[in-house]
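Order of the sequence lines fixes the chain letters, A, B, ..., with proteins taken first and strands second; residue numbering starts at 1 for each chain.
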Number of protein chains: 2
Amino acid sequence: MMTVNEVSKLTGVSIRTLQYYDTIGLLPPTEYTEAGYRLYDDTAMERLQQILLFKELEFPLKEIKTIIDAPNFDRNKALEQQIELLTMKKEHLENLINFARKIKTTGVNKMDFNVFDTTKMDEYARKAKEQWGETPEYKEYKEKASNQSSDTQKIAWQNLMLIFVEFGKMKDKSPDDEAVQLQVKKLQDYISEHFYKCSKEILKGLGAMYASGGEFTENIDRAAGIGTAVFAAKAIEIYCR
Amino acid sequence: MMTVNEVSKLTGVSIRTLQYYDTIGLLPPTEYTEAGYRLYDDTAMERLQQILLFKELEFPLKEIKTIIDAPNFDRNKALEQQIELLTMKKEHLENLINFARKIKTTGVNKMDFNVFDTTKMDEYARKAKEQWGETPEYKEYKEKASNQSSDTQKIAWQNLMLIFVEFGKMKDKSPDDEAVQLQVKKLQDYISEHFYKCSKEILKGLGAMYASGGEFTENIDRAAGIGTAVFAAKAIEIYCR
DNA sequence: TATTGACTCCTACGTTGCGTAATAGTTTAG
DNA sequence: CTAAACTATTACGCAACGTAGGAGTCAATA
């Protein structure tokens, strides 16, 4: 039988934590002395080992409790689910890192809220559908959109907006300037990678849509400066010739 | 001037959040009506935009406050630091994912606490040093150990232990069995990748150390079953001939 | 004008996993 | 037997809000 101090020293778990695990019923001590001191035996220690194992994998304590208490719990299934969860978190972080890098290089400080609004994205998708109908490109978009988490999607749209921000900073140049044309290519590549294969045909249609004066135009101009949408459309038009 | 409701609908930020940002001083409204209603103007909205931007990058609110309030704050430096932080988190998750995968395949349910104890790791390192002196391998270890975060190191040790767990499950086989020998190679590769280049010479020395009856032997046996250390040492000896 | 419905305010508890006192009783070594 | 070391319980603190409750406000309708 070991006291809290001994258990703590052996396992590295703090005394407070042991007390806490007792109060939440995760790891009740084997018995108490008359004075109320907690005493743990080997069985309790094994349970603690289990707890530490799952805690290491970032399971929340409540889940750990149900997992360990369930007599015939499917360990592997829980592990797989947790792996999935961790993977999603990882991807989220990867997205954020890319986003932060781009923010740094473009030096944005204004960004339209609608860009952050996921519901608007579907609106754009619907508009695109109106223009293109049930083309293979639209199907591809829907597929990618449904496969990827909305989180990944959201950040993809944000990064797309950052490309327009770069357009915004080139407005003093001519639309056929080399740097501007390169930017158009970056746009095309980005769309191809994250939404659907973007041929020059489609890009042309997009350019027209950007400058058509609708919500898309507004959003671009608000995020990247007034006139950016039209400017980008011009550059796109030249690029697609 | 916009009310909380309007701001909320425009930005997707909840009313409660706006109230909260007011109480913590992050985003005080431009003014209050006589009735105490919060009113926001364009300047406040821009500030909110900034806040959302940094929040997206998982900056804590307190930092966001200091960042935005500092008149000549080095944005890029803050972004770089945040990128680093996010990268560390990502690496941690990658480690955990690998750990979880290995746990799943090996089916461990016992793991010695000392394995989780970082302080012991340095002890092993010191022992290794006694055996090898200031060899280039030891220098390599120290370099890798200092470069990698202690977190990554810790999980590397855990995964090393899992390799011994697999040894433990092969104890009924002969040490020169093909599967066992393959396991030795896996051990060698793992050490090479995560600690230092592990030649057969060094591996031989390690094998002797594992079976020498010291703390290392105890830890291996406790984590992977009694007799595992000796068994692994035999297999290693054969492998190194 | 009174009422209704929509909106807003503030207060305050719940969440997660403990850290950190503060106060008081217990055990052990000298 | 006393002091040192250990333990217990209680309870606040943190991060970033969600949620609920009670009450005052605003705009429009009956």
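One interatomic measurement links the two molecules: NZ of A/Lys62 to C1' of C/dG14, which rounds to 10 Å at whole-angstrom precision. With rounding to whole Å, B/Lys55 atom NZ is found 8 Å from D/dA16 atom C1'. Counting to the nearest Å, the C1' atom of D/dC14 and the CZ atom of A/Arg16 are 13 Å from each other. Here C/dT16 presents its C1' atom at 16 Å from NZ of A/Lys65, a figure rounded to the nearest Å. Regarding B/Ile15, its CD1 atom lies at a distance of 18 Å from the P atom of D/dT25, rounded to whole Å. The distance from atom CZ of A/Phe59 to atom C1' of C/dG17 is 17 Å, rounded to the nearest whole Å.
Checking A/Ser14 against B/Val4, the closest nucleotide of DNA chain C that is more toward the 5' end is the one next to B/Val4.
Around atom CD1 of B/Ile24, more than 12 heavy atoms belonging to other residues, nucleotides or ligands sit under 6.0 Å away. Within a 6.0 Å radius of CD in A/Glu84, other residues, nucleotides and ligands contribute 12 heavy atoms or fewer.
Considering only side-chain N and O atoms, B/Asn5 lies under 4.0 angstrom from the phosphate OP1 or OP2 of C/dT8. The shortest distance between the side-chain N/O atoms of A/Thr17 and the OP1/OP2 oxygens of C/dG19 is below 4.0 Å.
No donor-acceptor pair under 3.5 Å is formed between the side chain of B/Asn95 and the backbone N or O of B/Ala156. The backbone N or O of B/Cys198 lies less than 3.5 Å from a partner atom in the side chain of B/Ser192, making a donor-acceptor pair. Checked by atom type and distance alone, the side chain of B/Gln183 never pairs as donor or acceptor with a backbone atom of B/Glu166 at under 3.5 Å.
Non-hydrogen atoms lying under 4.0 Å from DNA chain C are contributed by A/Tyr20, A/Tyr21, A/Ala35, A/Tyr37, all within residues 18-40 of chain A.
One finds no salt bridge joining A/Asp41 and A/Arg47 here, because no Lys/Arg side-chain nitrogen approaches an Asp/Glu carboxylate oxygen to under 4.0 Å.
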